[in-house]
Amino acid sequence: MMITPVHRFRDIERTPEYLQPEKCVPPPSRASLGTMWFIRDGCGIACAVVTWMLVFYADFVVLLVMLVPSRDYVYSVINGTLFNTLAFLALASHFRAMLTDPGAVPKGNATKEFIESLQLKPGQVVYKCPKCCSIKPDRAHHCSVCKRCIRKMDHHCPWVNNCVGENNQKYFVLFTMYIALISLHALIMVGFHFLYCFEEDWTKCSSFSPPTTVILLILLCFEALLFLIFTSVMFGTQVHSICTDETGIERLKNQKPTWEKISGWEGMKLAFGGAFSLGWFNPFSNLNCERPAPAEVVAAAPASEILTQEEIERFLARDVAIQIHE
């Protein structure tokens, strides 16, 4: 057999200390895989807290400034119920997007034992990530914040304090959609409330003083407009990525697809967990669609075609892909 380096475009630092095989530790046991996923990043945690506080602020203004003082009971009940339902779904989607494993590759599996268990065939190519000592599946990218390789990583979003990958993209899409909806709803109610206050006495259209009411409404209007634009754009880019079967990183890198692309509707079913149903809009539903087998799981090869110990050690000592030839 002969091993030849394969050129690649990957986000890999060629730092010597990351390339030592003895730095790689075996992946965690199956018993530890059920622990909750949470990224301990100060900036991400702060952004997530700010997100929740902004939603609570909007709910406070909608309820106590606009709906409770209203004389139209039906109007208040309908809009209050609709806004709070959408806000609850938005926060639930944010919670699931933040605490769901986005598709992390087992850390530290670039060991001699694991390479031997792959029983690589001639012509197969494998990638090693020197940052987390993992065998990198196709379409996986390393996140410097999560410190893991993520399957089908689209981007790292500080607002959800997590990467957006194949396992939590549905929840991120729902989060952006529900935030855009409550922002639009809040803007419409602010507009109607201003018209109502101009026609009536300002002291009767709110429980607060007129200056306080105006300030609270202007802040809500600014917040709602800003997040409506931002989340609408994010929602559109995410749906486009799903329908074109191309992640944000792959699009930025102008990466030529080495995978078999699927149709837009099939991509939506894969991302949202099956055929179209109300479950698509439910952040509490689990993704139960069949996903492709992990790239690191390969079929067994004849003993004469398996990498030798010397070839495995040479692979572990370098930061390139290797291709096996007979």
Side-chain angles (χ1 to χ4, degrees), residues 6-12 93 96-97 100-106 109 118 120-129 132 134-143 146 148-157 160 162-177 231-277 279-283 285-299 320-324:
V6 177
H7 184 65
R8 61 173 180 162
F9 297 93
R10 294 267 182 166
D11 51 342
I12 295 298
S93 300
R96 292 300 302 273
T100 298
D101 182 347
V105 177
N109 64 356
L118 296 181
L120 299 170
K121 295 179 180 180
Q124 284 185 301
V125 178
V126 292
Y127 296 99
K128 172 195 172 186
C129 175
C132 58
S134 299
I135 299 300
K136 210 173 200 180
D138 191 26
R139 305 186 70 183
H141 298 274
H142 186 88
C143 175
C146 297
R148 298 287 291 275
C149 286
I150 308 296
R151 291 188 178 92
K152 291 184 68 175
M153 175 182 169
D154 187 88
H155 68 287
H156 183 91
C157 179
V160 297
N162 201 359
C163 278
V164 178
E166 68 174 7
N167 289 348
N168 68 342
Q169 190 171 31
K170 167 188 174 178
Y171 307 124
F172 183 76
V173 172
L174 291 180
F175 167 67
T176 57
M177 182 185 72
T231 55
S232 296
V233 171
M234 289 302 301
F235 175 79
T237 56
Q238 288 299 301
V239 172
H240 179 265
S241 294
I242 295 173
C243 292
T244 57
D245 194 18
E246 184 181 40
T247 66
I249 291 179
E250 292 163 351
R251 186 167 58 254
L252 287 174
K253 290 185 174 183
N254 198 21
Q255 187 174 335
K256 294 183 179 179
T258 57
W259 61 93
E260 184 179 353
K261 284 197 170 186
I262 58 178
S263 66
W265 187 245
E266 289 299 320
M268 292 293 290
K269 291 195 293 185
L270 184 64
F272 283 84
F276 178 77
S277 66
W280 279 25
F281 307 98
N282 181 10
S285 63
N286 293 319
L287 300 178
N288 55 6
C289 56
E290 294 184 359
R291 297 185 178 275
E296 66 265 27
V297 180
V298 297
V320 294
I322 59 171
Q323 187 170 5
I324 309 163

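Because the structure is a prediction, the values reported are computed rather than measured.
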Practice prompt. Locate the shortest heavy-atom distance separating K269 from A275; write the atom from each residue and the value.
Written response: CD-CA, 3.8 Å

Worksheet item: Can you tell me how far CE of M177 sits from OG of S93, rounded to the nearest 0.5 angstrom?
Response: 7.5 Å

Worksheet item: Which value, rounded to the nearest 0.5 Å, describes the distance between N282 atom CG and F272 atom CZ?
Response: 12.0 Å

Practice prompt. Enter the distance from D138:CG to K152:NZ here, rounded to the nearest 0.5 Å.
Written response: 11.0 Å

Discussion item. Looking at R148 and V105, would you say the former's side chain and the latter's main chain have a donor-acceptor pair under 3.5 Å?
Written reply: yes

Worksheet item: So, W280 side chain and G274 main chain: donor-acceptor pair closer than 3.5 Å or not?
Response: yes

Worksheet item: Should R139 and D245 count as an ion pair when the cut-off is N to O under 4.0 Å?
Response: yes

Item to complete: Over all heavy atoms of both residues, which pair between G279 and S285 is shortest? Give the atoms and the distance, please.
Response: O-OG, 3.1 Å

Worksheet, complete the sentence: Here the gap from M268 atom CE to S263 atom OG, rounded to the nearest 0.5 Å, amounts to 11.5 Å

Worksheet item: Is there a side-chain contact between H142 and C132 (heavy atoms, below 4.5 Å)?
Response: yes

Worksheet item: In a check of side chain to side chain contact (heavy atoms under 4.5 Å, CB included) between Q169 and each of V164, L270, L174, which one passes?
Response: V164

Discussion item. On a heavy-atom basis, which atom in H141 and which in M153 lie closest, and how many Å separate them?
Written reply: O-SD, 3.9 Å

Item to complete: Look only at the side chain of N162 and the backbone of P102, and say whether a donor-acceptor pair between them is shorter than 3.5 Å.
Response: no

Worksheet item: Between the main-chain N or O of I135 and the side-chain N or O of N109, is there a donor-acceptor pair closer than 3.5 Å?
Response: yes

Discussion item. For T247 and E250, which I'm curious about, is there any donor-acceptor pair between the side chains at under 3.5 Å?
Written reply: yes

Discussion item. Can you confirm whether or not the ring centre of H155 sits under 6.0 Å from the ring centre of F172?
Written reply: yes

Fill in: Side-chain donor or acceptor of T100 paired with backbone N/O of A97 under 3.5 Å
no

Fill in: R96 side chain to P283 backbone, donor-acceptor under 3.5 Å
yes

Worksheet item: Once you round to the nearest 0.5 Å, how far does NZ of K136 lie from OG of S134?
Response: 9.5 Å

Practice prompt. Name the orientation class of the two ring planes belonging to F276 and F281 (parallel below 30°, tilted from 30 to 60°, perpendicular beyond 60°).
Written response: perpendicular

Worksheet item: Hey, what do you get for CD (E266) to CD1 (I242), rounding to the nearest 0.5 Å?
Response: 13.5 Å

Worksheet item: Which pair of non-hydrogen atoms, one from A104 and one from R151, has the smallest distance, and what is that distance?
Response: O-NH1, 3.8 Å

Worksheet, complete the sentence: Closest heavy-atom pair, N168 versus C163, reported as atoms and distance to 0.1 Å, is ND2-O, 2.8 Å

